Amino acid sequence: MRGRTLSAGVALAVFAGMTVTLAAQPVTASPTTATVARPIAASAAALAAPDISVTNVQAHLTQFNAIASSNGGNRRAGSAGYTASLSYVKTRLQSAGYTVSEQYCSSCTYPSNNLIAEWPGGPTDQVVMFGAHLDGVSAGPGINDNGTGSATLLENALVLAAQNPTMTKKVRFAWWTDEEQGLNGSRFYVNSLSSTQRGYIKGYYNFDMVGSVNGGYFINRVSSTTAAPLKAYWDSLGLSPEENVEGQGRSDDYYFQQAGIPTSGYAAGASARKSSSQAAKWGGTANSAYDPCYHRSCDTTANVSATVLNRAADGVAYALWQLAVGGGTPSCSGGQVVGNGGFENGGTPWTASSGVITNASGQPARTGSYKAWLNGNGSTRTESLSQSVTLPAGCASYTLSFWLHIDTAETTGSTAYDRLTVQVGSTTLATYSNLNAAAGYAQRSFSVAGFAGQTVTLRFTGTEDSSLQTSFVIDDVTLLAS
């Protein structure tokens, strides 16, 4: 969260109304307790939303902390630590099937990129947007501020992709740069939108510092219609959330407000001190800062309450499902998606370079007589093998597997002269080379849940340089949905 307060004079538009009724469940645990089990919500609507694993959110925080440690101890906008953080988030989102773009903020104090990701489905003129700033200050790794908001949104995005429900609105996630220097990344984004594009955004939800160790439960514009789903979830836990007074005008929701877009969001508090009444209600230490490591070098993974983080992550999921998800997840038709995965029935439905699907004796098949043998020519050549596949929607898992044998005459132990690239759609799942050569076949498996409900091309591409052959031999390809 940015340190200096901006003017809070904002005209707030009203989000389309909704009614959410939940019975309160009393909670007495301290914000710093390790108890992170999902609470029992009192409405069927709450139960329809997924439980976000706080362990998975914490794993993202561990990655951010390691990135900072490897890049001068911080993730400040424009730094190597920020660039690596953005790459980590982007790679995970692309693998899950999101449409991901980077937006260069030329007017930022530290020019660098915002990251925008959209999930397919839902009307393009009805957008619900969830955002968090990805940058930190130069003093430390920035794990609570704002690794927690960034990781919470990343895990929610991945769970949405895995469940692939019917969408009633378009969901857009954003990770902002240069927030700590003056909310510059989000301001650049809002200013880049036309009036029509701004009108498409029906609500913007901001998450900045949602794991403070002495945290409170604060909601931006807590009494607004826009805040209703966020408040309903925390009310169901008996938390009695309060207005985020400390954060007014200090985070990325500000310029959305200024543009007339309705906003809300969660926060757990920064350098302000917890009152006695708040300590009595939420636990923790009265007259101490919500985050004692705010903008300091000690803002590491140790500076996060798992309980506060868990409640925020589940609240985001509840709000997302309430706002943008339709009547549940489609039923799973399941089964094998790839045709002729063992290559025993000729070339159909594969499209392959001449001679790739073969029973030639030079390289044995794993099973049967046929396999796909890419390269092995000892001369400059590119060969490919592909098939269009349709993944059914609504399944719990989608696993692509194939058996691969790599044989090479290359003698180097350090240079990848010849390569095999495996892609689904425009996403590269893996790249192998002559350096991976080994006796026999090895099975390779990947989750491709991000492509559920889509028709995409599964493609293997082999490239070989001018001398010393490398053979990439593939057999028994499966893509199972279940």
Side-chain angles (χ1 to χ4, degrees), residues 62-63 66-67 69-72 80-81 83-92 94-95 100 338 341-343 347 350-387 399-448 456-479:
T62 298
Q63 290 295 320
I67 286 169
S69 297
S70 299
N71 291 280
T83 300
S85 297
L86 185 146
S87 178
Y88 171 74
V89 175
K90 181 179 181 180
T91 300
R92 297 298 303 272
Q94 286 180 321
S95 296
V100 184
V338 168
F343 307 105
W350 294 98
T351 299
S353 299
S354 177
V356 163
I357 297 176
T358 179
N359 64 349
S361 60
Q363 293 288 344
R366 176 180 175 269
T367 59
S369 301
Y370 285 81
K371 68 277 177 177
W373 180 357
L374 287 84
N375 304 117
N377 303 290
S379 59
T380 302
R381 185 171 173 82
T382 297
E383 296 181 338
S384 64
L385 171 74
S386 65
Q387 182 178 144
T399 303
L400 168 68
S401 293
F402 57 91
W403 291 82
L404 174 64
H405 168 57
I406 302 175
D407 174 82
T408 188
E410 299 283 2
T411 58
T412 179
S414 59
T415 304
Y417 289 113
D418 312 311
R419 292 180 173 84
L420 175 73
T421 302
V422 184
Q423 295 175 291
V424 173
S426 60
T427 299
T428 298
L429 300 179
T431 300
Y432 305 99
S433 75
N434 50 282
L435 299 178
N436 303 115
Y441 282 84
Q443 188 177 37
R444 314 289 182 170
S445 299
F446 305 87
S447 171
V448 290
V456 293
T457 299
L458 167 63
R459 185 182 306 276
F460 301 87
T461 304
T463 58
E464 194 172 16
D465 74 349
S466 60
S467 65
L468 299 178
Q469 73 87 24
T470 299
S471 296
F472 301 101
V473 191
I474 299 164
D475 205 355
D476 299 322
V477 183
T478 61
L479 202 169

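Computed from a prediction, not measured in an experiment: that's the story for all the values here.
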side-chain hydrogen bond (donor to acceptor under 3.5 Å, both in side chains) partners of [X], counting only residues at least two apart:
X      : value
Thr83  : none
Ser85  : Arg75
Ser401 : Ser445
Arg366 : Asp476

Original post:
Are the aromatic rings of Phe402 and Phe460 close, with centres under 6.0 Å apart?
Top reply: yes

Could I get the full list of side-chain contact (heavy atoms from CB on, under 4.5 Å) partners for [X], not counting sequence neighbours?
X      : answer
Ser386 : Thr351, Thr457, Arg459
Ser70  : none
Ala438 : none
Ala372 : Phe343, Val356, Leu374, Leu385, Ile474

**OP:** Would you please say whether a donor-acceptor pair under 3.5 Å links the side chains of Gln469 and Ser471?
**Re:** yes

Subject >> Which atom of Asp475 lies closest to which atom of Gly342, heavy atoms considered >> reply: OD1-O, 3.5 Å

Which atom pairs, one a donor and one an acceptor, fall under 3.5 Å between side chains of residues 427-435 and the rest of the protein, sequence neighbours left out?
{"residue": "Thr427", "atom": "OG1", "partner": "Gln94", "partner atom": "O", "Å": "3.4"}
{"residue": "Ser433", "atom": "OG", "partner": "Leu435", "partner atom": "N", "Å": "3.1"}
{"residue": "Asn434", "atom": "OD1", "partner": "Tyr417", "partner atom": "N", "Å": "2.7"}
{"residue": "Asn434", "atom": "OD1", "partner": "Asp418", "partner atom": "N", "Å": "3.0"}
{"residue": "Asn434", "atom": "ND2", "partner": "Thr415", "partner atom": "O", "Å": "3.0"}

**OP:** Using salt bridge (charged side-chain N to carboxylate O under 4.0 Å, His left out) as the criterion, list what pairs up with Arg92, not counting sequence neighbours.
**Re:** none

Subject >> Glu383: partners by salt bridge (charged side-chain N to carboxylate O under 4.0 Å, His left out), with sequence neighbours left out >> reply: Arg381

Subject >> Residue pairs, two or more places apart or on separate chains, that pass salt bridge (Lys or Arg N to Asp or Glu O under 4.0 Å) and touch residues 421-434 >> reply: none

